[in-house]
Asker: 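Before I ask anything, here is the structure I am working with.
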Amino acid sequence: MPELPEVEVTRRAIAPKVLGKVIRRVENRDPERYPGIEAARGARVLDVLRRGKFLLFHLSDGSWLVFHLGMSGGFRFQETPHTRVVLELEDGALYFHDPRRFGRVWRVADPKEVPLLSRIGPEPTDPAFDAAYLYRKAKKSRRPIKAILMDQEVVAGLGNIYADEALFRAGVRPTRPGNRITKKEAERIVQAVREVLEAALKAGGSTLKDQSYRRPDEKIGYFQLSHAVYGREGKPCPVCGAPIRRTRIQGRSAHYCPSCQR
DNA sequence: ACGAGTACCTGGCAGC
DNA sequence: TGCTGCCAGGTACTCG
């Protein structure tokens, strides 16, 4: 579920609740999946950061508690049927909720110990993520441009929804091989990625039919109302009216307008 | 080395 | 209503 906007909305929602607070107790309900996180007990939370789709709690003992929400994970202010970890704070608790159990939690001395986090690419807002950079990355690959955008080592934070939406805004078909992207298109894609993520963040992220993404207070996001292509197969393109098509890239659905995206 | 396919989990929903 | 099969926001691993 959660891509960069949803993770950032989550970070902003939980930060006031945990910043400066001592973790009184860690209740780990899936110790096989999240080994050793109980050791965060007794530490104070100095900072809550986001990097791509990862959430990082910097703790007063110098260690880090790192969360990845996977497909269906999130934080809640209340217990749920799928609570996997409870962080008891001085004045309340935070619940890590994850129905599909694709989420992960690590306690590490250094974030670089988290496998993907050590290799992750620039944030979309980082000036390092520019047209020249994307063009260079795309040029050397025959993978579809959508697969390149979803590669967290290329750029951090894009998933299936926002890759589709960004490529629609950029007017580039998701199936286009990376090595057939022009410099001009790379420029448009970079711009579109930034715009779509910012708009999604402002809308509180996307909450789909299955409601798997919710804010910690259970409120939903509204960006799904602005989706131009994602989840809209057969419906009219908001720009030209042509029916949106769905295809498969790397085993996942990809949506595009056959007329606006070439 | 690259890229495609599959595995990991669980729940919701469409279709029969 | 109830069952079955399909689909899902992500990432890691294997295989050709």
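Chain naming here is simple, since letters A, B, ... match the order of the sequence lines and numbering starts at 1 in each.
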Asker: Please give, in whole Å, the distance from B:dA4 P to A:Gln250 CD?
Answerer: 6 Å
Asker: When the distance from NZ of A:Lys146 to C1' of B:dA4 is rounded to whole Å, what number comes out?
Answerer: 15 Å
Asker: Pick from A:Val18, A:Ile37, A:Leu94: which one makes a side chain to side chain contact (heavy atoms under 4.5 Å, CB included) with A:Leu87?
Answerer: A:Leu94
Asker: Run the ring-centre check on A:Phe168 versus A:Tyr230 and record whether the distance is less than 6.0 Å.
Answerer: no
Asker: Looking only at side-chain atoms of A:Arg101, point me to the closest of B:dA4, B:dG3, B:dT10.
Answerer: B:dT10
Asker: Is the closest side-chain donor-acceptor distance between A:Glu6 and A:Tyr162 under 3.5 Å?
Answerer: yes
Asker: Using only side-chain N and O atoms of A:Arg142, determine if any of them is under 4.0 Å from OP1 or OP2 of B:dA4.
Answerer: no
Asker: Please determine, by modelled atom types, if A:His82 and A:Asp98 share a side-chain donor-acceptor pair under 3.5 angstrom.
Answerer: no
Asker: Say you pick atom P in C:dC6 and the same atom in B:dT6; how far apart are they, in whole Å?
Answerer: 14 Å
Asker: Indicate yes or no: at least one non-hydrogen side-chain atom of A:Glu153 is less than 4.5 angstrom from one of A:Ile120.
Answerer: no
Asker: Round to the nearest Å and state the distance from A:Arg248 atom CZ to C:dC6 atom P.
Answerer: 12 Å
Asker: Could you work out the separation of C:dT14 and B:dC9 based on their P atoms and round it to a whole Å?
Answerer: 15 Å
Asker: In whole angstrom, give the distance that lies between atom CZ of A:Arg51 and atom P of C:dG10.
Answerer: 17 Å
Asker: OP1 or OP2 of C:dA8 sitting under 4.0 Å from any side-chain N/O of A:Arg246?
Answerer: yes
Asker: For A:Phe54 versus A:Val114, what's the shortest heavy-atom pair and its separation?
Answerer: CE2-CG1, 3.7 Å
Asker: Specify the separation, in whole Å, of atom CZ of A:Arg214 and atom C1' of C:dA8.
Answerer: 17 Å
Asker: Assign each of A:Arg100 and A:Arg143 to its nearest nucleotide of DNA chain B by heavy atoms, then name whichever residue's nucleotide is nearer the 5' end.
Answerer: A:Arg143
Asker: Using a strict cut-off of less than 4.0 Å between a Lys/Arg side-chain nitrogen and an Asp/Glu carboxylate oxygen, indicate whether A:Glu185 and A:Arg262 qualify as a salt bridge.
Answerer: no
Asker: In whole Å, what is the span from the OH atom of A:Tyr230 to the P atom of C:dG10?
Answerer: 8 Å
Asker: I'd like to know if the side chain of A:His97 pairs up with that of A:Thr83 as donor and acceptor (distance under 3.5 Å, no hydrogens or angles considered).
Answerer: no
Asker: Can you see if the side chain of A:Ser72 gets near the phosphate of B:dG11 - specifically, an N or O under 4.0 Å from OP1 or OP2?
Answerer: no
Asker: Rounded to the nearest angstrom, tell me the gap between atom CG in A:Leu69 and atom P in B:dT10.
Answerer: 18 Å
Asker: Write out the stems for DNA chain B, ordered by first number and formatted as range with range, counting runs of at least 3 consecutive Watson-Crick or G-U wobble pairs under 3.5 Å.
Answerer: B:2-8 with C:10-16, B:10-16 with C:2-8
Asker: From the set B:dG11, B:dC9, C:dA8, return the single nucleotide nearest to any side-chain atom of A:His82.
Answerer: B:dG11
Asker: Determine yes or no for a side-chain-to-main-chain donor-acceptor pair under 3.5 angstrom, with A:Glu88 supplying the side chain and A:Arg25 the backbone.
Answerer: no
Asker: Could you check how far CZ of A:Phe102 sits from C1' of C:dA8, rounded to whole Å?
Answerer: 9 Å
Asker: All N/O contacts under 3.5 Å from nucleotides 11-14 of chain C to the protein, with atom names and distances to one decimal?
Answerer:
{"residue": "C:dT11", "atom": "OP1", "partner": "A:His68", "partner atom": "NE2", "Å": "2.7"}
{"residue": "C:dT11", "atom": "OP2", "partner": "A:Lys53", "partner atom": "NZ", "Å": "3.1"}

Asker: Specify the residue among A:Gly251 and A:Lys140 whose closest nucleotide of DNA chain B lies further upstream toward the 5′ end.
Answerer: A:Lys140
Asker: A:Cys260 pairs by side chain to side chain contact (heavy atoms under 4.5 Å, CB included) with which of A:Val239, A:Ile244, A:Val172, A:Val229?
Answerer: A:Val239
